[in-house]
Amino acid sequence: PLGIEVNFGTAKKDGRNKYLLPILVRIPFDGLTLLPNGDVVEGKVSIFVIVKDEEHGISDLKKIPYPIRVPHDQLDAAEGREVGYRTVLRIRSGTPRVAVGVWDELSGIESFVHKRVRVGS
């Protein structure tokens, strides 16, 4: 419902059988619920990330609180754009499944995406 997308960067080796995998979570701004607060409008999003490897091992669930604040005078410029969140996952080589959830805490709307990614040789 929120139209989120997840993009992967190029994984870089980080020790024996471990890699650092950059990810970008893209959230269309227009789908977010924002409330006025003084000179800004505010929203609150939580981003959840979890990884399942080929041996069915599951990482800890990572929850990232992500507040959104936009000055009123920049609100029109934000329409049609995206909010982005970058992070790096430390994972093993293989073809893990990365799941990302985004929860708009003000509206209660949530979206989930899961993708496989090839890491290492």
Side-chain angles (χ1 to χ4, degrees):
L2 293 173
I4 66 172
E5 292 183 30
V6 175
N7 300 108
F8 300 109
T10 302
K12 295 192 172 131
K13 195 146 178 79
D14 184 45
R16 184 182 169 134
N17 203 32
K18 294 283 185 176
Y19 288 81
L20 297 176
L21 176 67
I23 69 168
L24 171 63
V25 179
R26 298 166 55 182
I27 309 161
F29 185 81
D30 296 341
L32 298 175
T33 299
L34 303 171
L35 297 175
N37 185 9
D39 293 339
V40 299
V41 291
E42 296 181 321
K44 188 172 182 186
V45 171
S46 288
I47 300 171
F48 299 87
V49 180
I50 195 164
V51 179
K52 181 178 180 183
D53 65 23
E54 294 170 309
E55 289 82 39
H56 305 290
I58 298 176
S59 71
D60 291 335
L61 178 66
K62 184 177 184 181
K63 179 183 178 187
I64 304 110
Y66 195 63
I68 312 287
R69 292 177 52 103
V70 179
H72 281 288
D73 62 351
Q74 294 179 17
L75 202 51
D76 288 339
E79 287 184 28
R81 297 202 169 192
E82 298 172 332
V83 174
Y85 176 78
R86 293 181 190 275
T87 190
V88 176
L89 304 177
R90 188 166 189 259
I91 59 177
R92 286 183 262 186
S93 65
T95 312
R97 181 174 298 275
V98 178
V100 175
V102 175
W103 176 40
D104 182 335
E105 294 187 29
L106 296 180
S107 69
I109 296 174
E110 54 196 29
S111 287
F112 299 92
V113 172
H114 57 91
K115 287 181 155 181
R116 286 208 180 271
V117 59
R118 181 75 182 139
V119 178
S121 56

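From a predicted model like this one, the values you see are computed outputs, not experimental measurements. Position 1 is the first residue of the sequence, and the numbers go up from there.
Follow the hydrophobic side-chain contacts under 4.5 Å out from V25 and you never reach F48; the two are in separate clusters. If you chain together hydrophobic residues whose side chains sit under 4.5 Å apart, V6 and V117 fall into the same group. By the criterion of side-chain heavy atoms lying less than 4.5 angstrom apart, applied directly or through intervening Ile, Leu, Val, Met, Phe, Trp or Tyr residues, V45 is not grouped with F112; the two fall into different hydrophobic clusters. V40 and V83 end up in different hydrophobic clusters when Ile, Leu, Val, Met, Phe, Trp and Tyr side chains are linked at under 4.5 Å. One hydrophobic cluster, built from ILVMFWY side chains closer than 4.5 Å, holds both V51 and I47.
Of the possible donor and acceptor atoms, one in the side chain of D30 sits under 3.5 Å from a partner among the backbone N and O of G80. Between the side chain of H114 and the backbone N or O of G101 there is no donor-acceptor pair closer than 3.5 Å.
R92 contributes atom CZ, which lies 10.0 Å from atom OG of S59 (distance to the nearest 0.5 angstrom). To the nearest 0.5 Å, atoms CD1 (I91) and NZ (K18) are separated by 9.0 Å. Note: W103 CH2 to L2 CG = 12.0 Å, rounded to the nearest 0.5 Å. Rounding to the nearest 0.5 Å gives a distance of 6.0 Å between CD of E5 and CD of E82. Rounding to the nearest 0.5 Å gives a distance of 13.5 Å between CZ of F8 and CZ of R118. Summarising the geometry, atom OG1 belonging to T10 is positioned 7.0 Å from atom NZ belonging to K12; distances are rounded to the nearest 0.5 Å.
In D60, the CG atom is not crowded: 12 or fewer heavy atoms of neighbouring residues, nucleotides or ligands sit closer than 6.0 Å. In this structure, R116 places its CZ atom where more than 12 heavy-atom neighbours from other residues, nucleotides or ligands lie under 6.0 Å away.
Y19 pairs by the ring-ring contact (aromatic ring centres under 6.0 Å, His included) definition with nothing, not counting sequence neighbours. The side chain to side chain contact (heavy atoms under 4.5 Å, CB included) test applied to S107 returns T33, D104, I109, not counting sequence neighbours. Applying the side chain to side chain contact (heavy atoms under 4.5 Å, CB included) criterion to L75, with sequence neighbours excluded, gives F29, L34, V41, V70.
Shortest non-hydrogen contact noted between E42 and L106 is O-CD1, 3.7 Å. L32 and I27 make their closest contact through CD2-CG2, 3.8 Å (heavy atoms, listed as atom of the first residue, atom of the second, distance). When every heavy atom of A11 is checked against every heavy atom of V119, the shortest pair comes out as CB-CG1, 3.9 Å.
Proximity of I64 to K62: side-chain heavy atoms (C-beta onward) are separated by under 4.5 Å at one or more points. Side chains of V98 and K115 form no contact here, defined as non-hydrogen atoms less than 4.5 Å apart. Between H72 and P36 the shortest side-chain heavy-atom distance falls below 4.5 Å.
Here the options are I4, N7, V113, V102, the test is side chain to side chain contact (heavy atoms under 4.5 Å, CB included), and the partner is R26; only N7 passes.
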